[in-house]
Each structure stands twice: as structure tokens, then as C-alpha cells.
Amino acid sequence: MILAGPRARHISPVTILSLSDIAVEFGATTLLRNVTMTVSAGERWGIVGRNGAGKTTLFELIAGTLEPSAGVVARQPGLRVAMLDQYRDFGDARTVWDAAALGYREVMALEADLARQGDRLAELGEMVTPEDLERYGHDQERFAHAGGYDFHARVDKVLQGLGFDAEESKVRDVAGLSGGERGRIGLAAQLAAPADLVLLDEPTNHLDLETIGWLKDYLGEFGETVLVISHDRAFLDDTVDHVLHISAGTAAAYRGGYSAFVTQREERRLALERQVAQQRKQIAKEEDYIRRNIAGRMSAQAKGRRAKLARLPRLSPPPGESEAMTLRLEASERGGDQVLVTEHLDVAIGTRPLIRDFTAVARRGDVIALVGPNGAGKTTLISTLLGARLPTRGAARLGSAITAEWFRQDLAQVPPDRSLYDCIADLRPTWARGPIQNHLGCFGFSGDDVLRSTSVLSGGERARLALAMMMLGHANLLVLDEPTNHLDVESIEALEDAIDDYDGTVLLVSHDRAFLRELATRVWAFDGTRLEDYGGTFIEWEVHARDRARSRAAELGRQNAASRVAARTSEQRAGEQRRLDEEGRRAAKREASAREREVHEAERSIAELEAALADPALHVGGADAAKRAGRLDSELKAARRALDAAMTRWNEAVEALAN
């Protein structure tokens, strides 16, 4: 970072973590050696390598749950680390929201204590002591410093982004979560927790494409430092600025995203190979000189060169790795051109509709990406297409001479408590021991590994065994439901190559965008209860989906703008009506007041006339007095009629005012 201004100076990034010459040994086995890395605040590191290379072990070293056999792990004093491991434990949390807020347990306890203190202070009233007030103020400062006024909003935001309703999560029982939901809540707990360094282990597992997009954006605005283990190449390209590659028991650091790492790794490998070749050529030349001159008159020079050569540090060739799994997918027969046909298909779970009126034909050679949010019904649709469950309406059928193999997301096709050898022998009972071991060897299982029980296999090992079993089916329709979830990048690339060479049809469910971009020639995309059949590649569909989302957002914006205009117009009309009503009310009030004054004026006139008629002098004054009395009497009668009329008008004005 460079400070602006004429006296700008370079500010070195703050180092929060460093590993120096780390080694990890388990008995006689060395898992890691000579591992060195430095992490600065704000950096985002991707940790990549084969399954079993030591990536999770590295996280345990960083988190302090494992001590290195050699070397030093140095952490910034007070560094707060949040680790997302592959085994989520929600402690005593009862609700989904509580599980997501596990990182704030102490803050929530302090919040409850502050509430109790507040109630007590209110009860004490004037009896409150300075000590009570001091403690309350001190705890309020602690609460604010720990993020107490912000954590509710942060937990809500993360839950909402990962597909949970924040309000519903406050009452939903955590015990009722599915395996995928538990994974997302574990991720939510890590993202929401107060931390300086967040360690994410395969965070995109159990996420759909939309949620992965949210996570990418969230990490982009995230202030904390992040280290992430992931096999999702597109996600790494979008989120990290450094890569640590663990290979052959050691690690090498690279700058940039995943694509930059691949390029730099190849450049380093080629450069090292050239350096090794050049050194070997130079050594051979020196050795030849020494052999020719060690006993001759140039003996002193030869001995000197021999001593110098003995001191020369030898360059080692690039460390080798075991081959990635060897997978070849072949169909035993061609089958018909129409592989899978649906006609006006409806799919539902109970009363909840998942898909309405879907008609499509999957043809030989198609690689179809089936995409949609978690819970949309992808696995239920697959079950319906393969005949494992009945449609609500319409039909789904396989074409002529079509056989299907289903790679299940939960790997339920792997038999429980069977040895790897038996799993293959059950499918190929005529094979001898050699072919079975050779077949398993293609998937990374060698020696005594073939006798291990499926019950002790890791997720990656179970996935490779499932692929080894699927390969023997020689089906001409492959249905792959999240096949990359537990595979390392090298195995994913081997699977990509196998599918690319396969001449059958593939229906593919995956959240790995790089995988889908590489393979999919067609897309079936969930859009509510409508399943869109898009006839282009996944890359083209991504552009189409973004354009459609922008179009819908623009239309929604127009609708919202129109609604706001209508609301403003309605409010203006209502305001105008209120103004008119108020003017009418004021006019009615003025009318009522005027009519009341008329009544008072008429009553005053009547009182004056009655007083004049009651004057005794009026009745003793002769003819003139009599005429005057008659005139006054007539005026009195007219005044009383005027009073009656005024009273009527006043009553009408009062009623109008009341209405």
C-alpha cells in the first residue's frame, strides 16, 4: 500500500502468520517437510494439492491444534482464528441461528448479563451505587468492542446469503438439518465469527452455483484474511491472490489465482529441469576432465576440480507425484440416438410441485448440465428419469438399448463393510486377483489398500471406488450427481478427460463451474418449477443467465419505479384530497360560525324588541305610541321568523361540519 501525497512512503504489509521449515512426522512417516510460508493481513490464499497431501494437517498447525515435529509456527499476538473443518460440531446450540452465531457465545452471554444488570438498576432506582454504574458502563464498553451491536445483523446476512431465512432460523431446530444444511451452517458460523484469520476447508461443497456466487462476492468484501482449501478451480480463480501448492511432502508458494499458479508451476518446472540438465552436463564435463588428467601432468588441476566438484550443491529434479487415477469410460453398445425422452413431465414431492410440463429429448453424445439451487429437485428428477420413482404426470423413458449408471451424490452405490477387492470381484466374478488389483491400481489403490473395508474410506477414496465400479458397467448413459465433491483437482481433470473421450450420453449435476465449462454441451436449468432446455454450452448459458437476470432485474426495477410513481401519485392525490377536505372543513367551520353569529344576532334583536315592547311608556303615549307598538310587534314577529331560519341554517352547518 502506498500513502498518497508528496511524501508518500511504502508501508510493508503486516505479517500475521509465518511458518518456517515446518515438518510433520507420524512415526516413521514424514507427511510434510521444509514448509515455509508468510501470510500478511488481508491476503487470500488457496491451498491446493492431492487428497492426503497434508492440506488439512497444515490447517491444524496454523490453528494450533497440532504441533509440528520441527520448525516454528509464529502467529501475531492475539490472532483470532476461525477454522472450518470437515466435522461440524454445534455444541449446545438448539436453533439454526444459535449454531450460526457460535462464535459470539461470550458476547451473547454478556448481552444477557447486561439485560439483567439493566433490570436490577431499574429496580434499585435511587439506591444504585457508583460501583453498580461503573460495572454496567464497563460491560457496555466490552459489549460494544466485541461487536455486540453488529453481530445480529452479520449473522442474519450470512444466513440469508447461504440460503436460510434468518427469522425462521431463530426458531428452527438445528437437530432437523440435513447433512448438506449442516455443512452450510458450519460455514455460516465460520464466516460470521469474529476472527482475523479464517480457515475454510472445501467451503463450496454442499453449495449451489448461486450460493457459490454469493460466497465469492462476500469474501471479496470480507476484511479478514482467508486461507481456503478447495478443488473448485473457478472459485479459486475468483477469490484468491496467492496459492500454496502441497506436493511430494513439501510446499511452494505462488502469486495470483489458480490459473496463474498453473502457468507459474509449469514455468518453474521447466526452468528447474533446464537447470538440472545444464548442471548434469557441466558435472559430466568436469568428471571427464578429472578422469583424463588425474594421473598426468595436469594432476594438480584435476584434483582441484575434483575438490570443487565435491563441494558443488546438486540440484534435484522437480519432485514427482504418483499418477492421477486412470479412468476410461466405454459403452458396451451404441444404443439408440434418443437416449432419454420426457413428455409433459410433472414431478412433485407430496403436494409440493418441483417441475411442471417438461418435454425434452436427450440425444446420443449430449453432455447435459442439470443446474439449479439446492432443494430445487435435481436428485428427485434424476430418480424419476431413471424410473426409481413415478412422475406426478406425463412420462419419462429411456431409449432403445440404453443402459444407465448412476453416480450418487451420497455414494450409496458403494457397498457398506466390504473390502475394495470384494467390491470389484462382485462385479467381475470371473476375474482373477491380478486383474482386480490392476483395476483398483488405476484408481490409486495398491498393495494392501485393496483389502481395506469401505467403512473406513475417506470421502475421496469412496468417490474413486465408486468411479472404479461405474467404469465396469460400460453403460451408454452416465448420470453423475456431484462427482467432484470429494476429488482432488488432478482426479477431476482425469474425470474430465474420460468424459471428453466418452461416446455415450452424460447427465451431469455439479457446482464446479470449471468442470461444467469444460464439458457441458447443453443445459437443463431450473427456473422455479419450469425446467429450461438450453441448447448451448454451459459457458453460453452463463451469459444467457446473466443477461436474463439483468433483464429481470431491469423489469423489476421498472415495475418498482412504476409502483413508486403510482404510490407518489396516489399520495399526491390523497394529499390533495386531504387539502381539499381540510379546506372544506375550514369552510364548514366558518359557515357554522357565521350561522351561529346570525342566531346570536337574531336573539339579540328579539331581546331588544321584547324590551322595547315591555317599556310602560309605550302604552300611555296615545296614537303615536300605539303605532310604534304595532311596528315593534311586527318587527318582533319578523325577528322570531329570522331566528327560526337562522337556527335551521346553523343546525345544517353544524351537521355538515360533523360529517
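All figures in this text were calculated on a predicted structure; none of them were measured in a lab. Start at 1 with the first residue, then count along the sequence.
Judged by distance alone, the side chain of T250 and the main-chain N or O of I246 form no donor-acceptor pair under 3.5 Å. Of the possible polar contacts, none joining the D241 side chain to the G256 backbone as a donor-acceptor pair under 3.5 Å is found. Between the side chain of N476 and the backbone N or O of A401, at least one donor-acceptor pair lies under 3.5 Å. In terms of modelled atom types and a separation under 3.5 Å, the side chain of T239 and the main chain of F235 share a donor-acceptor contact. Between the side chain of E518 and the main chain of F515, no donor-acceptor pair closer than 3.5 Å is present. Here the side chain of N205 pairs a donor or acceptor atom with the backbone of N485 at under 3.5 angstrom. A donor-acceptor contact shorter than 3.5 Å is absent between the side chain of T342 and the backbone of L345. In this structure, R44 contributes its side chain and G42 its backbone to a donor-acceptor pair below 3.5 Å. Between the side chain of T65 and the backbone N or O of L61 there is no donor-acceptor pair closer than 3.5 Å. One N or O on the side chain of T454 and one on the backbone of R418 form a donor-acceptor pair closer than 3.5 Å.
A cation-pi arrangement, defined by a distance under 6.0 Å to the six-membered ring centre and an angle within 45 degrees of its axis, is absent between R265 and Y254. With a 6.0 Å cutoff to the six-membered ring centre and a 45° limit on the axis angle, R522 does not count as a cation-pi contact of Y534.
Relative ring orientation between Y218 and W214 is described as parallel, the plane-to-plane angle staying below 30° on a 0-90° scale split at 30° and 60°. A parallel orientation is assigned to the rings of H242 and W45, their planes being inclined by less than 30° (bins at 30° and 60°).
Between atom CG of residue L495 and atom CG of residue L508 there is a gap of 8.0 Å, rounded to the nearest 0.5 Å. Considering CD1 of I424 and CH2 of W431, their distance stands at 7.5 Å, rounded to 0.5 Å. Of the inter-residue distances, the one linking T521 atom OG1 with F538 atom CZ reads 13.0 Å to the nearest 0.5 angstrom. In this structure, R269 CZ and R274 CZ are separated by 10.0 Å, a value rounded to the nearest 0.5 Å. With rounding to the nearest 0.5 Å, the separation of CD in E210 from CG in L162 is 11.5 Å. Note that CG of L327 is 9.5 Å distant from CG of D497, once rounded to the nearest 0.5 Å.
R364 has its side chain out of reach of Q338: every pair of non-hydrogen atoms, C-beta onward, lies at least 4.5 Å apart. Within the 4.5 Å cutoff, side-chain heavy atoms of F164 are placed close to those of I185. Residues D21 and V35 have side chains not in contact (no heavy-atom distance under 4.5 Å, counting atoms from C-beta outward). H439 places none of its side-chain heavy atoms less than 4.5 Å from the side chain of I436. Considering only heavy atoms from C-beta on, V509 stays 4.5 Å or farther from L480 through its side chain. Annotation: side chain of L531 is in contact with side chain of L381 (closest heavy-atom distance under 4.5 Å). Looking at E202 and S230, their side chains come closer than 4.5 Å, going by heavy atoms from C-beta outward. Using a 4.5 Å cut-off on side-chain heavy atoms (C-beta onward), L272 and V276 make contact.
When all heavy atoms are compared, the tightest approach of S419 to L451 is CB-O, 3.8 Å. In terms of heavy-atom proximity, G52 sits nearest to L31 at O-CD1, 3.7 Å. Across every non-hydrogen atom of G176 and E181, the tightest pair is O-OE1, 4.4 Å.
Ion pairing between a basic and an acidic side chain is recognised when a charged N comes within 4.0 Å of a carboxylate O; E330 and R328 show such pairing. Under the 4.0 Å criterion applied to side-chain N and carboxylate O atoms, D238 and R513 are assigned as salt-bridge partners. In summary, R33 and E25 do not engage in a salt bridge, as defined by a charged side-chain N under 4.0 Å from a carboxylate O.
When only modelled atom types and interatomic distance are considered, D201 and T56 share a side-chain donor-acceptor pair under 3.5 Å. In this model, no donor atom of one side chain and acceptor atom of the other lie less than 3.5 Å apart for T505 and D366. Residues E532 and H544 have side chains that bring a donor and an acceptor to within less than 3.5 angstrom of each other.
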Is there a side chain to side chain contact (heavy atoms under 4.5 Å, CB included) between L507 and L478? Walk through the geometry before answering.
CA-CA 6 Å; L507 181 59; L478 300 180; over 6 Å; no
Given L207 and L187, is the side chain to side chain contact (heavy atoms under 4.5 Å, CB included) satisfied, shown in steps?
CA-CA 10 Å; L207 301 186; L187 176 59; 4.0 Å; yes
Quick one: do V506 and L519 satisfy side chain to side chain contact (heavy atoms under 4.5 Å, CB included)? Show the steps, please.
CA-CA 10 Å; V506 180; L519 296 170; over 6 Å; no
Using the rule given for side chain to side chain contact (heavy atoms under 4.5 Å, CB included), can you reason through Y258 versus V489, listing the C-alpha separation, both sets of side-chain angles and the distance that settles it, and then say yes or no?
CA-CA 11 Å; Y258 185 82; V489 172; 3.0 Å; yes
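Pairs of residues two or more places apart, or lying in two chains, never qualify as salt bridge (Lys or Arg N to Asp or Glu O under 4.0 Å) while including a residue from residues 462-486.
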